[in-house]
Amino acid sequence: MPYANSHDSYGAVTKAFHWLTALLILTVIPLGLIASDLAHAVRNPDIATTDADTARAALLFSLHKTIGVTIFFTALLRILWALGQPRTGLLNGDKPAEAWLAHTIHWLLYGSLVIVPLTGWVHHAATSGFAPIWWPFGQSLPFVPKDETLAQVTGTLHYILQWVLIGAITLHILGAIKHHSIDRDDTLRRMLPGRTRAEPTPRQPGHALPVITALAVWALAIGGGAAAGLFPQSGTETTQTAALAEVESDWQVQNGTLSITVSQMGSDVSGSFSDWTAEIAYSEEPDADGKHGDVTVTVSIPSLTLGSVTDQAMGPDYFDAETHPTATFAADILAQGDGHVADGTLTIKDQSVPVPLPFTLTIDGDTATANGALTVDRRDFDIGLGTKDEGTLGFTVDISFELTAKRQ
């Protein structure tokens, strides 16, 4: 069997690409649907799940993502190969409606095999969450920032366009069955192993109308998703609790970040709190007890964004944000070697634990910059006690901050 196509037969390379793609697609779609259902159950605080359920969801999602990236590159190679091959003609080119539909479906298939895995890949790179891709690349992508809005948009596009792909595959299979069982021509046999030649009809359709139709289908699908409210709506977000009131402080925070990092299924998941206050009293000269001052930090728990597991983190088994909407850290500021330490108590979910927070401090006139980090054990705060496997959810949580403050 020749490797290249001809006007009346498909070559070995095209057939290999076709059946490899079919195998990958028919594997990745059920994996994604099952993993999605299981992940929704795991993240739903009203549904009882176990560590094994979480591990199973992560395994299925990792398989889904890894195969999806494989499909993306397979599709690109298949398209590049097809561009250099003769066009194998249709056996029903003299039936304009059927020929137009056949070519439209082919355009939808080729386009979707690139767009669907690509949107899923960008969603993965833009968010932080469990279930890594198993290829030794691809956890992040160039020019794709960690951005929750971008993750939501690409995740929605992935969801919508997968149904276009599923519809096109269904019509493609039904068409093959029709050709084989009703028309009794060699359309299906030409794609089976071995050499099967079948003379196309003299009349063959052009590409313009099918391309326009495929573009219209994608546009209608995306427009329908937008009309249904599937995309994130700017300006309509509502916070779960009122914003924290500003505090009067000797040093007023001008800007800063408060971040956490946890390990889930072996992957780091990072997030940050958008609403927190710091009441800071600090003097360059220590008092008689060696104190330079004190600090009280109040954190709005519902303001946390933690990638794809934000909703799960807010649930009663974890932060229980509805019952415990704030966390506090109250500490004395002491000198420690060449730096400083905020030695105090961290309170989350009414559990108070003494923690030292070492940090560096630079003061230039009336402007101070500081940054530091500490590590705590989530179990000390009754967070995730039902998840006892550290491989599923790490016990330690890294907390870091940086800020700029002005002397008042």
Side-chain angles (χ1 to χ4, degrees), residues 24-72 116-136 138-141 146 148 150-163 165-166 230 260-271 304-321 378-379 383-397:
L24 293 172
I25 285 293
L26 295 178
T27 301
V28 80
I29 289 176
L31 275 175
L33 296 175
I34 295 170
S36 182
D37 287 344
L38 187 54
H40 284 309
V42 168
R43 294 169 184 166
N44 189 335
D46 297 326
I47 300 176
T49 56
T50 64
D51 289 356
D53 294 325
T54 302
R56 191 177 301 111
L59 173 65
L60 293 178
F61 261 124
S62 284
L63 276 170
H64 176 77
K65 294 176 182 181
T66 303
I67 296 173
V69 172
T70 305
I71 291 171
F72 174 76
V116 173
L118 181 59
T119 53
W121 197 357
V122 173
H123 168 76
H124 172 86
T127 191
S128 296
F130 70 158
I133 296 170
W134 289 338
W135 289 109
Q139 304 307 323
S140 60
L141 288 172
K146 294 291 183 183
E148 192 62 27
L150 175 61
Q152 290 176 4
V153 170
T154 52
T156 300
L157 285 172
H158 183 72
Y159 173 78
I160 293 170
L161 296 178
Q162 74 172 352
W163 293 109
L165 174 59
I166 290 172
L230 297 182
I260 66 171
T261 300
V262 299
S263 175
Q264 189 171 36
M265 305 305 299
S267 297
D268 285 344
V269 183
S270 298
L304 173 66
T305 54
L306 195 60
S308 62
V309 296
T310 300
D311 292 341
Q312 183 181 5
M314 295 298 109
D317 290 340
Y318 297 92
F319 279 111
D320 194 8
R378 62 175 172 82
R379 298 170 297 178
I383 294 176
L385 293 182
T387 305
K388 305 182 187 304
D389 179 12
E390 190 172 14
T392 301
L393 179 64
F395 296 149
T396 59
V397 180

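By convention here, the first residue in the shown sequence is residue 1.
The distance from atom CG of Leu393 to atom NZ of Lys388, rounded to the nearest 0.5 Å, is 12.0 Å. Expressed to the nearest 0.5 Å, how far OG1 of Thr387 lies from CD of Gln264 amounts to 8.5 Å. Rounding to the nearest 0.5 Å gives a distance of 8.0 Å between CD1 of Ile71 and CG of Leu165. Residue His123 holds its NE2 atom at 12.5 Å from CG of Leu141, rounded to the nearest 0.5 Å.
At a threshold of 4.5 Å between non-hydrogen side-chain atoms, the residues Leu304 and Ile260 count as touching. The shortest distance between side-chain heavy atoms of Glu148 and Thr127 falls below 4.5 Å. Contact annotation: the side chain of Met314 never approaches that of Asp320 to less than 4.5 Å [non-hydrogen atoms, C-beta and beyond]. Thr261 places none of its side-chain heavy atoms less than 4.5 Å from the side chain of Val397. By the 4.5 Å heavy-atom criterion applied to side chains, Val309 and Leu306 are counted as neighbours.
Here the side chain of Thr156 pairs a donor or acceptor atom with the backbone of Leu230 at under 3.5 angstrom. Here the side chain of Trp121 pairs a donor or acceptor atom with the backbone of Gly138 at under 3.5 angstrom. Checked by atom type and distance alone, the side chain of Lys65 never pairs as donor or acceptor with a backbone atom of Pro132 at under 3.5 Å.
In this structure, Arg378 is not positioned above the aromatic face of Phe395 in the sense of NZ or CZ being under 6.0 Å from the six-membered ring centre and within 45° of the axis.
Heavy atoms of other residues, nucleotides or ligands lying less than 6.0 angstrom from OH of Tyr159 number 12 at most. Other residues, nucleotides and ligands place no more than 12 heavy atoms under 6.0 Å from the CH2 atom of Trp135.
Closest non-hydrogen pair, Phe61 versus Ala131, comes out as CB-CB, 3.5 Å.
Residues Thr154 and Thr119 bring no donor and acceptor atom of their side chains to less than 3.5 Å of each other.
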